[in-house]
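Working notes, structure below.
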Amino acid sequence: MSLSLLVTGGAGYIGTHTLVELIAAGFRPVVFDNLSNSSRQSLDRVARITGVAVPFVEGDLRTPGAVAAVLAAWARAGDPIQAVLHLAGCKAVGESVADPLKYYDNNVIGTQHLLHAMRDHGIKRLVFSSSATVYGVPQHLPLREDHPMVPNNPYGRTKAMVEDMLADLCAADPEFGAVTLRYFNPIGAHASGLIGENPADTPNNLFPYITQVAVGRRAKLSVFGDDYDTVDGTGVRDYLHVTDLARGHVAAANYVHAQPGFTAINLGTGQGTSVLELIAAFESSTGVAIPWLGSPRRAGDVAASFADSTKAQALLGWSAERSVADMCRDGWHWQQGNPQGYDTVATPRAREDVAVAAI
Ligand code: NAD
Ligand code: UFG
């Protein structure tokens, strides 16, 4: 489908992978990003993978008129934006506890600005980056979309608020369509090794911490908790390959194009993996040992979280295709070629089985 789509947050980790899949599917994405947690170089890498230089507008969602100016410019050029994939936002749970206003401001008020601009330009299709964190402490597993939203941190509450806002908007305007994608734990990187996760500071999340230990940037991994009621006492999560997650956005963009109304969909594999199992999978996929140290539980963590992903299959025809071993191999390929992320000077080597187009 050759629609023009605005991708907010398109320069980020999930955004760049989503651009690659959108372009492969024939969409024409336009990126709006303030680069607060990303690098301009990530889009150069997307161009190397796809052969397409994605139009990029540097701007902040909260700046009055900034998104509206982009929508107006594309409309004037005779190529109106037809839908928005809204990935921009802040995502660190701990930071949201320490600085909640930053999160309400960026994730909620920023989204309101976007929705106003869309309304003014008659754009009625949106795909939103939500999170499994909206469920809070699971009352049952696997998590289905009808599980109550009881988030237990400000970040999760901002995602739940935006979901409520979108549901209200769809109820008020029967022509409005919104798909909210509740991601489980995306990890790994594009198979080319050219794009991947690029945490600005010490990683909060398990997988980038593992890869930074593997590449020698950190000495040891701390394993938070060994006494959960799980297979080996460590926390269990539903890890999914970021390329599978990106494919989910293509499926959601197609779905929302045809379908008004509010729809919440989990994107996960349905498989739980413990911290120790992920370490073992990484070691066996890469041959690199990960030294680790047992540490107390991390405040706010749940024992286990994994998706019921049947709704994604039924509505979007989507299911995850890549294994934990694939996630480890591809995440390591990215980290090894880019030990300092996008700040690495050397050009990463592309895997032989992946075609990398020249710009
Ligand atoms: P990311 O930080 O790599 O990407 C987010 C992008 O949004 C960045 O490029 C950042 O510069 C941009 N941005 C932030 N605020 C902005 C603003 N006000 N205006 C314009 N651009 C802005 O994060 P990601 O991992 O790619 O996450 C993308 C989305 O998915 C986020 O909304 C996040 O909350 C959600 N999500 C991520 C995960 C995960 O584990 N990575 C899990 C669940 C949900
Ligand atoms: N963990 C460690 N050591 C670390 C980091 C994490 O043992 O250094 C453990 C955690 O205790 C947990 C598991 O690894 O048991 C996964 O932790 P992550 O931080 O990687 O992932 P979370 O499930 O806690 O949270 C992530 C994002 C949230 C998002 C959620 C669901 O940080 O924003 O996935 O998508 F909401």
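Both backbone and side-chain heavy atoms feed into the values below; hydrogens, waters and symmetry mates do not. Each ligand, and each atom within it, is numbered from 1 in the order the structure gives. Start at 1 with the first residue, then count along the sequence. Every value quoted in this text rests on a predicted model; they were computed, and no experiment measured them.
Ion pairing between D105 and K102 fails under the 4.0 Å rule for side-chain N and carboxylate O. The pair R297-D227 counts as a salt bridge, with a side-chain nitrogen and a carboxylate oxygen less than 4.0 angstrom apart.
For residues 121-130, the pairs satisfying salt bridge (Lys or Arg N to Asp or Glu O under 4.0 Å) are K124-D173, K124-E175, with sequence neighbours left out. For residues 208-241, there are no ring pair (Phe, Tyr, Trp, His ring centres under 6.0 Å) pairs, not counting sequence neighbours.
Considering only heavy atoms from C-beta on, V275 comes within 4.5 Å of L206 through its side chain.
Annotation for ligand 1: atoms under 4.0 Å from non-hydrogen atoms of L35 are 11 (O). Atom numbering of ligand 1 starts at 1 in the shown order; those under 4.0 Å from a heavy atom of S129 are 29 (C), 30 (O), 32 (O), 35 (C). Remark: ligand 1 atoms within the under-4.0 Å shell around heavy atoms of L87 are 28 (C), 29 (C), 31 (C), 32 (O). For ligand 1, the atoms sitting less than 4.0 Å from at least one non-hydrogen atom of K91 are 2 (O), 23 (O), 24 (P), 25 (O), 33 (C), 34 (O), 41 (N), numbered in the order shown with element in parentheses. Within ligand 1, the atoms closer than 4.0 Å to a non-hydrogen atom of R62 are 18 (N), numbered from 1 in the order shown. Taking a cut-off of under 4.0 Å to the non-hydrogen atoms of Y183, the atoms of ligand 1 that pass are 30 (O), 35 (C), 36 (N), 37 (C), 42 (C), 43 (C), 44 (C). When each atom of ligand 1 is checked for a heavy atom of S36 under 4.0 Å away, the hits are 10 (C), 11 (O), 13 (N), 14 (C), 15 (N). Within the listing of ligand 1, atoms 43 (C), 44 (C) sit less than 4.0 angstrom from a heavy atom of S130.
The closest non-hydrogen atom to atom 40 (O) of ligand 1, taken over P186, P208, A92, comes from P186. For atom 6 (C) of ligand 1, the choice among G59, G10, G9, A200 with the nearest heavy atom turns out to be G9. With atom 14 (C) of ligand 1 as the reference point, the heavy atom nearest to it among A11, S42, G89 is part of G89.
In summary, the side chains of R40 and Y342 do not present any donor paired with an acceptor at a separation below 3.5 Å, with no hydrogens or angles considered. Judged purely by distance below 3.5 Å, without hydrogens or angles, the side chains of D326 and S323 pair a donor atom with an acceptor atom.
At a 3.5 angstrom cut-off on N or O pairs, L61 counts as close to ligand 1. Some N or O of I14 is nearer than 3.5 Å to an N or O of ligand 1, by distance alone.
When only non-hydrogen protein atoms are considered, atom 4 (O) of ligand 1 lies nearest to G12 CA, 3.5 Å. Given atom 17 (C) of ligand 1, the protein heavy atom at minimum distance is N34 ND2, 3.3 Å. The nearest protein atom to atom 2 (O) of ligand 1, hydrogens excluded, is given as N37 ND2, 2.7 Å; this is a heavy-atom distance. Protein heavy atom at the shortest distance from atom 11 (O) of ligand 1 is D33 OD1, 2.7 Å. The protein non-hydrogen atom at the shortest distance from atom 3 (O) of ligand 1 is Y13 N, 2.9 Å. Closest to atom 15 (N) of ligand 1, if we only count protein heavy atoms, is N106 ND2, 2.9 Å. The nearest protein atom to atom 34 (O) of ligand 1, hydrogens excluded, is given as Y155 OH, 2.7 Å; this is a heavy-atom distance.
Proximity of K159 to ligand 1, defined as any heavy-atom pair under 4.0 Å, is confined to the side chain (atoms from C-beta onward).
Here Y183 and H249 bring their ring centres to under 6.0 angstrom of each other.
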Identify the protein atoms, limited to N or O, that lie within less than 3.5 Å of an N or O atom of ligand 2, and list each pair with its distance to 0.1 Å.
| unit_1 | atom_1 | unit_2 | atom_2 | d |
| --- | --- | --- | --- | --- |
| ligand 2 | 3 (N) | S222 | O | 2.7 |
| ligand 2 | 7 (O) | S222 | O | 3.4 |
| ligand 2 | 7 (O) | F224 | N | 2.9 |
| ligand 2 | 11 (O) | D301 | OD2 | 2.5 |
| ligand 2 | 17 (O) | R298 | NH2 | 3.4 |
| ligand 2 | 19 (O) | N205 | ND2 | 2.9 |
| ligand 2 | 19 (O) | R298 | NH1 | 3.4 |
| ligand 2 | 19 (O) | R298 | NH2 | 2.8 |
| ligand 2 | 20 (O) | L206 | N | 2.9 |
| ligand 2 | 21 (O) | N185 | ND2 | 3.1 |
| ligand 2 | 23 (O) | N185 | ND2 | 3.0 |
| ligand 2 | 23 (O) | R237 | NE | 2.7 |
| ligand 2 | 24 (O) | R298 | NH2 | 3.0 |
| ligand 2 | 32 (O) | N205 | ND2 | 2.7 |
| ligand 2 | 34 (O) | N185 | ND2 | 3.3 |
| ligand 2 | 35 (O) | Y183 | O | 3.0 |
| ligand 2 | 35 (O) | F184 | O | 2.5 |

Run the side chain to side chain contact (heavy atoms under 4.5 Å, CB included) check on E95 and Y103 step by step: do they pass?
CA-CA 9 Å; E95 185 189 44; Y103 279 69; 2.4 Å; yes
With a cut-off of 3.5 Å and sequence neighbours excluded, list every side-chain donor-acceptor pair involving residues 108-117.
| unit_1 | atom_1 | unit_2 | atom_2 | d |
| --- | --- | --- | --- | --- |
| T111 | OG1 | H86 | NE2 | 2.9 |
| T111 | OG1 | N107 | O | 2.5 |
| H116 | ND1 | R119 | NH2 | 3.2 |

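Residue-environment remark: CZ (R144) stays at or below the threshold of 12 foreign heavy atoms within 6.0 Å.
Not a single heavy atom of R182 lies less than 4.0 angstrom from ligand 1.
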